[in-house]
Amino acid sequence: MLDHEYTTKKVFRENFFKDWRKEMTRQERLVITDLEKCDFRELHAFHKDKVEARKALSKEEKQDQKDANQKIVDKYGYCLLDSHRERIGNFKLEPPGLFRGRGEHPKQGMLKKRIQPEDVIINCSKEATPPAPPAGHHWKEVRHDNTVTWLASWTENVQGSIKYIMLNANSKLKGEKDWEKYEVARKLKSCVDSIRDGYLRDLKSKQMVARQRAVALYFIDKLALRAGNEKEEGETADTVGCCSLRVEHITLHDELDGSECVVEFDFLGKDSIRYYNKVPVIKKVFKNIKLFMESKDPGDELFDRLNTALLNKHLSSLMPDLTAKVFRTYNASITLQQQLRQLTNKSDNVAEKLLSYNRANRAVAILCNHQRAPPKTFEQSMANLHSKIVARKEQLALAKTELKLAKKEMKTKDGPDSKLMVDRKAAAVKRCEDQLLKMELQATDREENKQIALGTSKLNYLDPRISVAWCKNMDVPIEKIYNKTQREKFAWAIDMTEADFEF
DNA sequence: TTGTAGACTTGGAAAAATATTG
DNA sequence: CAATATTTTTCCAAGTCTACAA
């Protein structure tokens with residue numbers, strides 16, 4: 001923790017010291033008055049040594065550790081739901097530590113306290129025997145609420161929010177909800193045209209609310225922006241979504257880079273990830289935004305008459321279960337389907353098809369603004385890959401000359417042995433070519449993926465049935481696109497999807 | 001009608017596990 | 001086999017949205 005950048009931040013240090021002092025004895029409080037004078041290096045080294053010691057364990061000792069951990073998972077990692085044994089997602093409660101938060105969080109550095117049994121609510125069926133609290137302790141409460149899915153909960157002290165113990169993504173319960181989510185998004189597909197007509201019409205409405213709602217919807221639909229709930233000031237980092245956009249977050253250009261009516265977005269979204277985009281919009285939208293911005297300060301809300309509740313209420317009147325985030329799911333999934341159709345050829349080999357799949361996935365990640373910090377080892381790993389490619393090219397050249405030589409020999413000698421030799425050399429050339437192609441595709445993929453995070457869209461936005469159907473159509477094994485965990489999570493889709501599935 | 005607690009999904013970083021390489 | 005690179009898992013914060021109370 002000491003070597004992390006956030007320990008140098010003023011807010012972090014102040015919050016930490018304030019909370020630390022609360023934990024001190026009177027004596028300690030008298031002595032420890034200035035964080036600048038505190039030297040934590042010994043403590044830091046102690047923890048580092050511990051990590052090192054664990055790394056240095058022998059093979060057997062590591063196996064013992066692993067077995068012991070597995071026993072804990074076997075014992076505590078499962079629950080019984082409707083008499084089915086289901087894996088729990090997070091069966092360990094969160095240990096104490098210093099709250100970090102993301103971006104410029106006003107509470108960073110605060111002490112996250114240890115959870116006591118007295119803080120924990122257990123939720124189980126009436127018939128079940130609740131787990132016994134640790135000796136000498138009691139639970140905060142044992143309740144039997146079958147309208148919620150959580151098994152245990154506690155209130156976290158930094159934000160005052162409730163934390164839950166819930167089921168793993170591969171559980172029947174989560175799988176069904178996932179399926180429902182995508183079915184709602186598919187329903188949107190069938191009425192999205194009329195909804196689009198509707199908000200385009202509303203751009204000219206007499207009512208300001210309707211106009212603002214229309215422009216917000218235009219953004220949400222076209223740019224896959226999040227809804228943007230209002231947040232309590234000073235409690236969290238200053239981030240926004242669509243409805244909470246402020247005047248300072250957009251710049252209008254009547255003309256930019258050869259396009260007319262360009263809106264330039266620059267704001268911090270969820271997790272303080274920057275959203276930067278220059279988008280040509282239709283004239284009516286552009287004029288409306290100009291109107292909304294009139295006589296406002298940079299810090300004022302762009303959509304001053306609108307909030308997410310209002311927006312979602314309107315959406316639910318257009319289609320049952322329709323909310324702002326359904327547009328993200330719908331646009332993500334439909335984009336994947338379109339891109340896969342556009343980019344993949346049945347005649348490509350598997351490596352080429354996988355590059356196309358990743359590119360389609362990437363198009364979605366870009367739409368949803370899923371970014372990552374470039375891996376620290378990116379340049380190095382790229383260089384390694386390129387040198388491997390060079391080496392393989394040399395090997396290929398060598399294999400080719402050997403093949404030529406063998407062919408020549410076959411002409412002069414013409415025996416079964418020399419024929420065999422030619423076949424063998426030809427196979428070597430083929431193998432080499434395949435490997436080279438695969439590496440080159442891998443290099444392209446990695447380069448394009450430098451700052452893009454594919455995981456979130458793959459896990460949360462892309463209807464897995466699109467991918468399963470694609471695999472079937474393209475003769476790509478499902479293991480090539482989903483690892484074991486992902487296959488478990490998407491088991492419902494893998495089981496039920498035929499090659500002709502259409503989102 | 002509005003505000004808020006509560007429940008659940010979404011999100012990237014970091015740690016841990018595993019695969020690859022020298 | 002150890003060191004290193006890559007993939008998978010864990011972690012927990014931060015969103016969305018609903019239900020319910022005032």
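FYI, side chains are in, hydrogens and waters are out, and symmetry mates aren't considered; it's all heavy atoms of this structure. Just so it is clear: chains get the letters A, B, ... in the order the sequence lines come, proteins before strands, and each one is counted from 1.
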Below 4.0 angstrom from OP1 or OP2 of [N], is there any side-chain N or O of [X]?
X: A:Asn229; N: C:dT16; result: yes
X: A:Arg328; N: B:dG11; result: yes
X: A:Lys66; N: B:dA17; result: no
X: A:Ser381; N: C:dA5; result: no
X: A:Lys55; N: C:dA3; result: no
X: A:Arg446; N: C:dT6; result: yes
X: A:Ser153; N: B:dG6; result: no
X: A:Arg226; N: B:dG11; result: yes
X: A:His4; N: B:dA14; result: yes
X: A:Asn312; N: C:dC17; result: yes
X: A:Tyr164; N: C:dC12; result: no

Students often get this wrong, so: under 4.0 angstrom with heavy atoms, is [X] touching a base, only sugar-phosphate, or nothing?
X: A:Ile273; answer: sugar-phosphate
X: A:Gly455; answer: nothing
X: A:Asp271; answer: sugar-phosphate
X: A:Ala373; answer: sugar-phosphate
X: A:Lys174; answer: sugar-phosphate
X: A:Lys325; answer: sugar-phosphate
X: A:Ala324; answer: sugar-phosphate
X: A:Thr149; answer: sugar-phosphate
X: A:Lys181; answer: sugar-phosphate
X: A:Thr239; answer: sugar-phosphate

Round to a whole Å and report the spacing from [atom1] of [X] to [atom2] of [N].
X: A:Lys163; N: B:dT9; atom1: NZ; atom2: C1'; value: 14 Å
X: A:Lys313; N: C:dT16; atom1: NZ; atom2: C1'; value: 19 Å
X: A:Gln486; N: C:dT9; atom1: CD; atom2: P; value: 8 Å
X: A:Ile162; N: C:dT18; atom1: CD1; atom2: P; value: 18 Å
X: A:Leu225; N: B:dT10; atom1: CG; atom2: P; value: 17 Å
X: A:Lys270; N: B:dA13; atom1: NZ; atom2: P; value: 13 Å
X: A:Leu315; N: C:dT16; atom1: CG; atom2: P; value: 14 Å
X: A:Lys484; N: C:dT10; atom1: NZ; atom2: C1'; value: 15 Å

| field | Comparing A:Lys388 and A:Met166 on DNA chain B - which has the more 5′ nearest nucleotide | value | A:Met166

| message | By nearest heavy atom, map A:Val326 and A:Gln442 onto DNA chain C; which one lands nearer the 5' end? | response | A:Gln442

| query | Mapping A:Gln159 and A:Leu322 to their closest nucleotides on DNA chain C, which lands nearer the 5' end? | reply | A:Gln159

Rounded to the nearest 0.5 Å, what's the gap from [atom1] on [X] to [atom2] on [Y]? Could you check?
X: A:Thr335; Y: A:Ile466; atom1: OG1; atom2: CD1; result: 9.5 Å
X: A:Phe503; Y: A:Ser467; atom1: CZ; atom2: OG; result: 11.5 Å
X: A:Ile121; Y: A:Trp139; atom1: CD1; atom2: CH2; result: 11.5 Å
X: A:Tyr461; Y: A:Leu367; atom1: OH; atom2: CG; result: 10.0 Å
X: A:Asn277; Y: A:Ile250; atom1: CG; atom2: CD1; result: 12.5 Å

| task | When you get a sec, tell me which of B:dC8, B:dT10, C:dT8 is the closest nucleotide to the side chain of A:Thr456? | result | B:dT10

| query | Looking at A:Tyr482, does the NZ or CZ of A:Arg487 lie under 6.0 angstrom from its six-membered ring centre and within 45 degrees of the ring axis? | reply |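 No, a cation-pi geometry is absent between A:Arg487 and A:Tyr482.
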
| Distance-only donor-acceptor check, side chains A:Thr323 and A:Asn312, under 3.5 Å |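 Note: A:Thr323 and A:Asn312 side chains miss the donor-acceptor criterion.
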
| task | Take the angle between the ring planes of A:Tyr164 and A:Trp150 and call it parallel below 30°, perpendicular above 60°, tilted in between. | result | tilted

| said: For A:Asp304 and A:Lys296: C-alpha separation, side-chain torsions, deciding distance, then whether salt bridge (charged side-chain N to carboxylate O under 4.0 Å, His left out) applies. | reply: CA-CA 10 Å; A:Asp304 52 304; A:Lys296 276 189 195 166; 2.8 Å; yes

| field | Side-chain donor or acceptor of A:Lys140 paired with backbone N/O of A:Pro117 under 3.5 Å | value | no

| Heavy-atom contacts under 4.0 Å between residues 87-117 of chain A and DNA chain C, which residues? | A:Glu94, A:Pro95, A:Phe99, A:Gly101, A:Arg102, A:His105, A:Lys112

